[in-house]
Participant: 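Handing you this structure, nothing more for now.
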Amino acid sequence: VSHSLRKKEQLEFQVVNPKRSLGSMTLFGKRGGGKGNKDRVKKTDLPEKICVVCGRPFTWRKKWERCWDEVTCCSKSCNSQRRAENKGSTDH
């Protein structure tokens, strides 16, 4: 009887992934090595503009970091629509 009890105990405490120890696993921690969020900007604090084509608001994106002052449209489709309208109005 004690032999079957030991097997049950072994099954209960069996490690799911033996290559990964529980000591190195962080259950509820943050990623990034504990740097914190002191340098991050909240999404609610990002600059915002209004699209000249559709009139919807859009926020700053990392890819627009160097040219944010020149950005006037929220998407590629709005930009192509704006360019098509400008091209049609310049034809005489």
Side-chain angles (χ1 to χ4, degrees):
V1 177
S2 66
H3 180 68
S4 64
L5 183 61
R6 285 184 191 161
K7 276 196 164 188
K8 280 187 178 179
E9 288 175 3
Q10 287 176 352
L11 291 175
E12 288 177 13
F13 296 107
Q14 187 178 13
V15 178
V16 176
N17 188 352
K19 292 180 181 178
R20 188 173 185 177
S21 68
L22 291 175
S24 66
M25 184 169 40
T26 306
L27 296 176
F28 299 104
K30 296 178 182 177
R31 291 183 174 183
K35 294 178 187 175
N37 292 335
K38 57 185 173 188
D39 295 335
R40 291 191 151 202
V41 177
K42 293 180 184 177
K43 287 186 178 182
T44 56
D45 295 338
L46 291 173
E48 193 174 85
K49 287 185 178 183
I50 305 294
C51 179
V52 295
V53 177
C54 65
R56 285 184 250 169
F58 63 98
T59 55
W60 181 89
R61 296 182 189 169
K62 178 72 175 172
K63 68 179 183 177
W64 293 332
E65 186 174 25
R66 296 186 193 133
C67 60
W68 176 245
D69 294 334
E70 300 162 12
V71 175
T72 57
C73 298
C74 64
S75 63
K76 287 183 179 181
S77 62
C78 280
N79 194 36
S80 62
Q81 187 177 349
R82 179 185 61 87
R83 296 183 88 188
E85 289 173 1
N86 285 346
K87 186 177 182 181
S89 66
T90 57
D91 289 341
H92 295 286

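Side chains included, hydrogens not; waters and symmetry mates left out as well; all remaining heavy atoms used. What you see is a predicted model; the values in this text were computed from it and never measured.
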Participant: Could you check K49, E65, E48 and say which one makes a side chain to side chain contact (heavy atoms under 4.5 Å, CB included) with W60?
Facilitator: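 Considering K49, E65, E48, a side chain to side chain contact (heavy atoms under 4.5 Å, CB included) with W60 is found only for E65.
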
Participant: If you compare all heavy atoms of C74 against all heavy atoms of C54, which two are closest, and at what distance to 0.1 Å?
Facilitator: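 So the minimum-distance heavy-atom pair works out to SG-SG, 3.7 Å.
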
Participant: For S77, which residues count as a side chain to side chain contact (heavy atoms under 4.5 Å, CB included) partner, sequence neighbours excluded?
Facilitator: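 S77 satisfies side chain to side chain contact (heavy atoms under 4.5 Å, CB included) with S75 only.
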
Participant: So which heavy atom on G55 is nearest to which on I50, and how close?
Facilitator: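 What the structure gives for the nearest pair is O-CG2, 3.4 Å.
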
Participant: Picking from Q81, R82, K76, what satisfies side chain to side chain contact (heavy atoms under 4.5 Å, CB included) with N79?
Facilitator: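 For N79, the side chain to side chain contact (heavy atoms under 4.5 Å, CB included) check succeeds only for R82.
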
Participant: Which residues satisfy the side-chain hydrogen bond (donor to acceptor under 3.5 Å, both in side chains) test with R83, sequence neighbours excluded?
Facilitator: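 Listed in chain order: nothing, the list is empty.
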
Participant: Are L46 and V71 in one and the same hydrophobic cluster, where Ile, Leu, Val, Met, Phe, Trp and Tyr link if side-chain heavy atoms are under 4.5 Å apart?
Facilitator: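 Yes: a chain of side-chain contacts under 4.5 Å links L46 to V71.
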
Participant: Run the side chain to side chain contact (heavy atoms under 4.5 Å, CB included) test against K43 and tell me which residues pass, sequence neighbours left out.
Facilitator: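 Counting only residues at least two positions away or on another chain, K43 forms no side chain to side chain contact (heavy atoms under 4.5 Å, CB included).
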
